[in-house]
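One structure is given below, encoded as structure tokens.
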Amino acid sequence: KISFQKNGEWVFFLREGDLLTENSFEIIQFFLKNTSEECNVIFTDEDEIDDKGNRHNPNFKPAWNRELFLCSRQFGNSWIIKKDLWNMAINSISNENEKPTIFKILLNIIYFLETNKKINTIKHLPAIIYHNRKKIENNIDNNYLVEFINKKRDFFGTLNNIQISSLTKSNIFIWQC
């Protein structure tokens, strides 16, 4: 069930200033109700919105692809994650002085799902429900990704030649749903 209550089952990542479509929660509930497969993570299509409310630059995303996620911004900011997975990922980020970014959290979740043979529980909801107020920035943390891959070499061994984009810091605001 999706709600704005703290005891809900899902966490929806939302950056400061970004907007959701008015009926976004109804769309997500419909998606969850009508999917017959297990679902732990949802990513949606998104676009940009200017100060006048004009929407532009739609980002229609493909099906889940680990390599594409690791080397590009194609998957954007619109993520809805089971609360227990979110908490597990937050707890697995070892350095307490380190700010958890959505990329770091997702990297830990992906590793967990793949090692537990549940990667097929990452689902694409093909609807634009997320509107970026600012131009989409690259939030891939180079140092963290390299360190993470080195620690999990058995899992990421096939990704040695990935070109990693530069890091841009951004604020994270979390709505627990």
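Model, not experiment: these values are computed from the prediction. We count residues from 1, following the sequence as given.
- In this structure, the side chains of Leu68 and Pro62 come closer than 4.5 Å at one or more pairs of heavy atoms.
- With a 6.0 Å radius and a threshold of 12 heavy atoms from other residues, nucleotides or ligands, Glu38 has its CD atom above the threshold.
- Put simply, NE2 on His56 and CD on Glu48 are 5.0 Å apart, with the number rounded to the nearest 0.5 Å.
- Looking only at distances, no side-chain donor or acceptor of Asn116 sits under 3.5 Å from a matching main-chain atom of Lys118.
- A salt bridge links Arg55 with Asp47; the closest basic N to acidic carboxylate O contact falls under 4.0 Å.
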**Request:** Quick one: do Thr21 and His131 satisfy side chain to side chain contact (heavy atoms under 4.5 Å, CB included)? Show the steps, please.
**Result:** CA-CA 7 Å; Thr21 302; His131 312 293; 2.9 Å; yes
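- Proximity of Ile42 to Trp79: side-chain heavy atoms (C-beta onward) are nowhere separated by under 4.5 Å.
- Ring orientation note: the planes of Tyr130 and Phe12 are close to parallel, at an angle under 30° on the 30°/60° scale.
- Although no hydrogens or angles enter the test, the distance criterion places a donor-acceptor pair under 3.5 Å between the side chain of Thr115 and the main chain of Tyr111.
- In the hydrophobic clustering of ILVMFWY residues, with side-chain heavy atoms under 4.5 Å counting as a link, Phe30 and Leu32 come out apart.
- Residues Asn132 and Ile49 have side chains not in contact (no heavy-atom distance under 4.5 Å, counting atoms from C-beta outward).
- Looking at Ile110 and Ile122, their side chains come closer than 4.5 Å, going by heavy atoms from C-beta outward.
- Here the straight-line distance linking atom CG of Leu85 with atom CD1 of Ile105 works out to 11.5 Å at 0.5 Å rounding.
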**Request:** Dump the intermediate steps for side chain to side chain contact (heavy atoms under 4.5 Å, CB included) on Lys61 and His124, then the final yes or no.
**Result:** CA-CA 8 Å; Lys61 300 173 186 174; His124 175 224; 3.9 Å; yes
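- Side-chain atoms of Thr121 and Val41, non-hydrogen and from C-beta on, never get closer than 4.5 Å to each other.
- Glu46 and Phe75 get closest at one heavy-atom pair: OE2-O, 3.9 Å.
- Counting only heavy atoms from C-beta outward, the side chains of Ile81 and Phe13 never approach each other to under 4.5 Å.
- In this structure, Leu70 is a member of the same hydrophobic cluster as Phe112, with clusters built from ILVMFWY side-chain heavy atoms closer than 4.5 Å.
- Using a 4.5 Å heavy-atom threshold, the side chains of Phe43 and Leu106 count as separate.
- A cation-pi contact, defined as under 6.0 Å to the ring centre and within 45° of the axis, links Lys82 to Trp10.
- The line from CG of Asn108 to CE of Met88 is 7.0 Å long, rounded to the nearest 0.5 Å.
- A donor-acceptor contact shorter than 3.5 Å links the side chain of Asn91 to the backbone of Asn87.
- Expressed to the nearest 0.5 Å, how far CG of Leu113 lies from CD1 of Ile119 amounts to 5.5 Å.
- Under the 4.5 Å side-chain heavy-atom criterion for Ile, Leu, Val, Met, Phe, Trp and Tyr, Ile27 and Ile128 are members of distinct hydrophobic clusters.
- The distance from the OG atom of Ser24 to the CD1 atom of Ile80 is 8.0 Å, given to the nearest 0.5 Å.
- Ion pairing between a basic and an acidic side chain is recognised when a charged N comes within 4.0 Å of a carboxylate O; Glu16 and Arg133 show no such pairing.
- Counting only heavy atoms from C-beta outward, the side chains of Lys123 and Asn40 never approach each other to under 4.5 Å.
- In this structure, Glu26 and Glu22 approach most closely via the heavy-atom pair OE1-O, 4.0 Å.
- Distance CG/Asn34 to CD/Gln29: 11.5 Å, rounded to 0.5 Å.
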